[in-house]
S.K.: 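Encoded as structure tokens, here's the structure I'll be asking about.
As the structure lists them, so they are numbered: ligands from 1, and atoms in each ligand from 1.
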Amino acid sequence: MARSVVTIDDLSDQELELVFSLADDFLARLGDPARPHRIRGRDGLANEQILATLFFEPSTRTRFSFEAAMVRLGGSVISSPSSGSTSAAKGESIADTVRVVESYSDVIVIRHPSEGAARVAADFACVPVINAGDGSHEHPTQTLCDLYTLRKERGMKSLKDFSGLNVVLYGDLKHGRTVHSLVYALARLGARIGLKSARGLEMPEHVDRRLRRDFHCVPVATEGAEAGRDMPVDMIYVTPKGPHQQTIFGYVEAPVELKSVLSEVHVFYVTRLQTERLQDGAGRETYQKVDNEFLKKKSYKDSRVMHPLPRVGELGYDLDNDPRGIYFKQAAYGVAVRMALLTWLLHLNKSCPPPAVRETEFPEFCHQDGTKCENPACVTKLPSEQQYLSPAFWVIEHEGVLVLRCKYCEYEYEVRAVGRASRRQFTDARQWKSIAKVDRVFFANEQSAQASGYTMDNS
Ligand code: NCD
């Protein structure tokens, strides 16, 4: 299997640094002197390479910047004119599509409405697959553009400088895939993260769980914080640098860091309402427009306003000529960043280390009797994929809590009971290691074990 980029976690810190320094090189060599974020020239690095774009959802920036990146590298691009014009419209599965397209190309960029679709593509393709957005799950290359833009704007020397940033993520935090990739990256790099969502569009519970568990983020409610009136956010995550600070955050009065987030927002990251993923009209009435008026408080004086675009009413045009608005630069940097990513993934620059395949650290769980992923938007729910794809999970145990994470969409949920299929008996989930892998079945709780015909093991 080739090295793919499906989530932002697929890239280590060193790899992020490498991609960013390659992007710097491209801008230095091929940048437009009149508009320094824009690539103008062409390189011959990818002369023999073909990039295939498989977009099953609309796109302007991601698709064009990937295609432009490959063309600027001297390579070629194949793609379909619209999402309805591939055999997916006839019901062809993702696995079959990529096993065909891999024979015509050297790298596949995929965007799909189902969460986990890009992981399925990566599992079946023998060429690298890049996730250009899978439902509400992740959009890792947008995060690369976001981080790179910040690094340039703030003249950062290394990733360590991100730990000095106060970033507020605003809007539809429930469905926005850009903010999901971004929040994991910011947490990993130690930034302080404020969340401000429209009502009913808060960050999903499983994302919050990962922030706390995997990145040791400590959530601090802003309620009652002195400066809270000045910059109301719903929640702030801080990354303690040591166990001592961990005790201070959240339990005693608002720490210095918290006050600094509230009084100086370095980055205000706006996202649109993801109407195509809304079940109900949630959030519409509380979605405040971000414009000059919104940003007139002192805490936004030197903020940088970012947006993955498109904007559809939530970001005022009056910010276009305001030095705080950097969203068009953010889009422009996409070409250099994606040239860099392709260069690294396809190992076009032999002086860079080749991308090695990374192993997952968790044990896998997959059972014929069918534990299903609880995320209705998961790729394993599609009839076209169910013909060959069985739900599969990573088993994660942390501080006495056992969680199943879908291997595809990464949705997580807690399990409290584990069953022995051969005896149709269940016990407390923490006993899971005592049951052989092939015999093991997980249940959310005792009731769901009983509903599946399992009885309590009292031995
Ligand atoms: C985003 C996307 O598709 O997730 N756009 C992009 O890739 N720049 C954001 C959005 O559609 O809201």
S.K.: Identify, chain by chain and in numerical order, each protein residue with a heavy atom under 4.0 Å from an atom of ligand 1.
M.R.: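 Close residues (ligand 1, cut-off 4.0 Å): R61, T62, R111, H139, Q142, R177, T178, R272, Q274, P308, L309, P310.
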S.K.: Measure up the F20 and Y148 rings against each other and bin them: parallel (under 30°), tilted (30 to 60°), perpendicular (over 60°).
M.R.: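 The rings of F20 and Y148 sit tilted, inter-plane angle from 30° to 60°.
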S.K.: Between R119 and H137, do the side chains contain a donor N or O and an acceptor N or O under 3.5 Å apart?
M.R.: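 Their side chains do not contain a donor-acceptor pair, so the 3.5 Å distance test is not met.
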S.K.: Tell me, which pairs form a side chain to side chain donor-acceptor pair (under 3.5 Å) where one or both residues lie in residues 323-333, sequence neighbours left out?
M.R.: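 Of all non-adjacent pairs touching residues 323-333, those that pass side chain to side chain donor-acceptor pair (under 3.5 Å) are D146-Q330, E153-K329, N292-R324, D320-Y327, D322-R324.
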S.K.: Counting only heavy atoms from other residues, nucleotides and ligands, does the tally under 6.0 Å from CZ of R358 exceed 12?
M.R.: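 Atom CZ in R358 is crowded, with more than 12 foreign heavy atoms closer than 6.0 Å.
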S.K.: Would you mind listing every ring pair (Phe, Tyr, Trp, His ring centres under 6.0 Å) that reaches into residues 83-121, with sequence neighbours excluded?
M.R.: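 For residues 83-121: F56-H112.
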S.K.: Restricting to side-chain contact (heavy atoms from CB on, under 4.5 Å), what partner residues turn up for V71, sequence neighbours left out?
M.R.: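 side-chain contact (heavy atoms from CB on, under 4.5 Å) check on V71 returns R42, V77.
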